[in-house]
Amino acid sequence: MKKPSIPKGTRDFNPEEVSRRNYIFNTIKETFSLYGFQPIETPSFENSETLMGKYGEEGDRLIFKILNSGDYISKVDEKLYSEKDSNKITPKISEKALRYDLTVPFARYVVQHQNEITFPFKRYQIQPVWRADRPQKGRFREFFQCDADVVGSTSLWQEVEFVQLYDAVFSKLGLKGVSIKINNRKILSGIAETIGAEDKLIDFTVALDKLDKIGEEGVKKEMREKGISEVALQKLQPLFSFKGSNEEKIGSLKEMLHTSEMGMKGIAELQFISDAIEKLGLGASSLQIDVTLARGLNYYTGAILEVSAPEKVNMGSIGGGGRYDDLTGIFGLNDMSGMGISFGLDRIYLVLEELNLFPETVSENSKVLFINFGDKEALYAMKTIKKLRNLGIKAELYPDSAKMGKQMGYADKRNIPFTILAGEKEIDAQKYTLKNMKTGEQRELGFSELEEALKTL
RNA sequence: GUGGUUGUAGCUCAGCUGGUUAGAGCGCUUGAUUGUGGUUCAAGAGGUCGCCGGUUCGAAACCGGUCUUCCACCCCA
């Protein structure tokens, strides 16, 4: 028989994995809620037109399209069909697509429900998203995003809030050495302006973003290929030797961008955020200005954030976000500034696992298994189990009166810490024999002693 | 989308330049042990060698295609 399988880039989760994932989910949810965000949910698929064109050309390719129902191919006209151009036929045979991220559906939500929403609107959303990408380390075709966004406020205190929120979550998870990198789109525009490459802003930033990966020469090479002049590269030189504290970096930026109004504005924003964080303090993470950071340029207009896992794990980004002044504009609602961040749950999982940071207590396992000696004894056990469950103690009965070795083996394999033997002897005395599976120690107890033992242990 | 890589027992993997009956460890089942698991000992079950096609007297091995794994690029969480 052929073994069944799941599609490329998708995963099954076993009980232990689900418990651990829930631990991360709950930590994030708790923190979102603590910061005043409220949950919403949106459908797993949207109308294609909602998603298409919102993530650039590359993004369109990575969106999973859903075929129309019915005899969709017969409705395509002959000429179009004979051209065999997938890009042209796709919109005719597919009108729905799987969610690609949570930000665009959120923008759609805000516009659609604008009259019911009280602004500033703070929402969080934890749902799976899908990308038709090739899987590799920490990259899946189905994965969860945990987003928090605020729309309807241009205040820079939002940026400050989000940096603290990131820090709070990673502190709770015990993940030390996380770096929250920050940049500003206006600074990138300012640099492009200063070196005379405004028209090549995207090529310029995409190349710059690769600095830590391909090095200074690699970046210059790519910029030359994209048509950025030698003179411009000369002016860019100070960027490659950017070092020191955030304060020092801001100083150098001011020097470099003093002629650019846009650039200076970005620097002022950065300074505000950096100063506030300096005064408020951070726990497990640190805030670092990184002028090469250029992610998600499609809609970010101000602050850009990216969270990197501690250096010792090779995982890249475990979260990101930024300020977008006109996200809802694509759906017809203007002047609605927003700011948001996202946690990459699946990658955080891999990092916590690699660093062995999951608490032991995450498991949702039973605390005690009653050995089944037959129907009469099982009833006695069930009565006790019911009482224990009412007290919040996870207890269960082995369903069959199988051989004891088998029942013990079951408890052992499932890592259930205690078993209870209650046969004729115990029933007569209204007692229970409690066995500690780790030490092998056994004690005969009455119910109240049993309750005590299971509660404290 | 581009380049590379992987697939053999439930799991981790051996299996030489093509040669008869495809192996190991762990796990599983049964027994030693009819009220005691994790240790030990004994016996046993389990594979159309990812799938389809080709080369050959003969293919797990060679070739082509396809699916899958992992990695790099593009891009990204």
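- Residue A/Ser317 is classed as a sugar-phosphate contact, given heavy-atom separations below 4.0 Å to backbone atoms only.
- B/U29 and B/U66 have their P atoms separated by 42 Å, with the value rounded to a whole Å.
- Within 6.0 Å of atom NZ in A/Lys96, more than 12 heavy atoms from other residues, nucleotides or ligands are found, so the atom counts as buried in its surroundings.
- Between the side chain of A/Glu426 and the base of B/G35, a donor-acceptor pair under 3.5 Å is found.
- Only the P atoms considered, B/G35 is 40 Å distant from B/A9, to the nearest whole Å.
- Of the two residues near RNA chain B, A/Ser342 and A/Thr10, the one whose nearest nucleotide lies more 5' is A/Thr10.
- Pair assignment for B/U66 gives B/G50, based on Watson-Crick or G-U wobble hydrogen-bonding distances that are each under 3.5 Å.
- A salt bridge (charged side-chain N to carboxylate O under 4.0 Å, His left out) with A/Glu396 is found for exactly one of A/Arg389, A/Lys367, A/Lys386, A/Arg414, namely A/Arg414.
- Backbone-only contact: A/Gly319 has heavy atoms under 4.0 Å from sugar-phosphate atoms and none from a base.
- At whole-Å resolution of the value, CG in A/Leu208 and P in B/C75 are 13 Å apart.
- For the OP1/OP2 pair of B/U33 and a distance below 4.0 Å, the side-chain nitrogens and oxygens of A/Lys403 include no atom meeting the criterion.
- A/Gly59 comes within 4.0 angstrom of no nucleic acid atom, judged by non-hydrogen atoms across all strands.
- Taking atom OH of residue A/Tyr55 and atom C1' of nucleotide B/A77, one finds them 13 Å apart after rounding to whole Å.
- Donor-acceptor pairing under 3.5 Å, judged by distance alone, is absent between the side chain of A/Arg414 and the base of B/G37.
- Place A/Phe373 and A/Lys438 on RNA chain B by their nearest nucleotides, and A/Phe373 ends up nearer the 5' end.
- Nucleotide B/U40 has B/A32 as its partner under the Watson-Crick or G-U criteria, with both atom distances under 3.5 Å.
- Across all strands shown, A/Glu142 has no heavy atoms under 4.0 Å from either base or sugar-phosphate atoms.
- Side chain A/Arg134 to base B/C70: no donor-acceptor pair is found below 3.5 Å.
- B/G37 has no stacking from A/Tyr410 on its base ring, since the centres under 5.5 angstrom apart and planes within 30 degrees of parallel are not both found.
- Annotation: B/G58 and B/G65 have their C1' atoms spaced 23 Å apart (nearest Å).
- Of the candidate nucleotides B/U69, B/G31, B/G35, B/U69 has the atom nearest to the side chain of A/Lys8.
- For the P atoms, the distance from B/A32 to B/C71 is 48 Å, rounded to whole Å.
- Between A/Tyr349 and A/Phe358, the ring planes are tilted. Angles from 30° to 60° get that label.
- Separating the C1' atom of B/G47 from that of B/G10 is a span of 12 Å, rounded to the nearest Å.
- Of the candidate nucleotides B/C76, B/G35, B/G37, B/C76 has the atom nearest to the side chain of A/Arg131.
- Nearest to the side chain of A/Asp412, among B/C74, B/G38, B/U36, sits B/G38.
- In this entry B/U55 has no Watson-Crick or G-U wobble partner, no candidate having both defining distances under 3.5 Å.
- Put simply, CD on A/Glu58 is 14 Å from P on B/C73, counting in whole angstrom units.
- For the P atoms, the distance linking B/C26 with B/U39 amounts to 11 Å, nearest Å.
- As a whole-Å value, the separation of A/Arg347 CZ from B/A77 C1' is 5 Å.
- With A/Thr31 as the partner, the side-chain contact (heavy atoms from CB on, under 4.5 Å) test is satisfied by one option alone out of A/Leu173, A/Leu165, A/Asp167: A/Leu165.
- The distance from atom CE of A/Met437 to atom P of B/G35 is 17 Å, rounded to the nearest whole Å.
- Within the cation-pi definition used here (under 6.0 Å to the ring centroid, within 45° of the axis), A/Arg131 does not qualify as a partner of A/Phe143.
- OP1 or OP2 of B/C74 lies within a sub-4.0 Å distance of a side-chain N or O belonging to A/Lys210.
- A/Asn436 places a side-chain N or O within donor-acceptor distance of the main-chain N or O of A/Thr439, the cut-off being under 3.5 Å.
- Ring planes of A/Tyr124 and A/Phe32: tilted class, angle from 30 to 60°.
- Phosphate proximity of B/C76 to A/Lys137: absent, as no side-chain N or O sits under 4.0 Å from OP1 or OP2.
- Side-chain proximity of A/Lys213 to B/U2, B/U36, B/C75: nearest is B/C75.
- To the nearest whole angstrom, the two P atoms, one in B/A24 and one in B/U33, are 29 Å apart.
- Among the atoms of the strands shown, none is found under 4.0 Å from any heavy atom of A/Phe343.
- Put simply, A/Gln407 has no side-chain N or O that comes within less than 4.0 Å of OP1 or OP2 on B/U36.
- To the nearest angstrom, P of B/G37 lies 7 Å from NZ of A/Lys435.
- Between A/Asp209 atom CG and B/C74 atom P there is a gap of 10 Å when expressed in whole angstrom units.
- Residue A/Lys425 places its side chain closer to B/G35 than to any other of B/U36, B/A77, B/G35.
- Distance, A/Phe140 CZ to B/U68 P: 16 Å, rounded to whole Å.
- Here the side chain of A/Gln145 is nearest to one of B/A72, B/A77, B/G35, namely B/A77.
- The pair A/Arg20-A/Glu17 does not meet the salt-bridge criterion, since no charged nitrogen lies less than 4.0 angstrom from a carboxylate oxygen.
- Of the P atoms belonging to B/U48 and B/C52, the separation is 12 Å, rounded to the nearest Å.
- Put simply, A/Lys413 has a side-chain N or O that comes within less than 4.0 Å of OP1 or OP2 on B/C28.
- Nucleotide B/C26: paired with B/G10 (Watson-Crick or G-U wobble, both distances less than 3.5 Å).
- A/Gly9 comes within contact range of the sugar-phosphate backbone alone, with a heavy-atom separation under 4.0 Å but no base atom that close.
- Counting heavy atoms of neighbouring residues, nucleotides and ligands inside a 6.0 Å radius, atom CZ of A/Phe45 does not exceed 12 of them.
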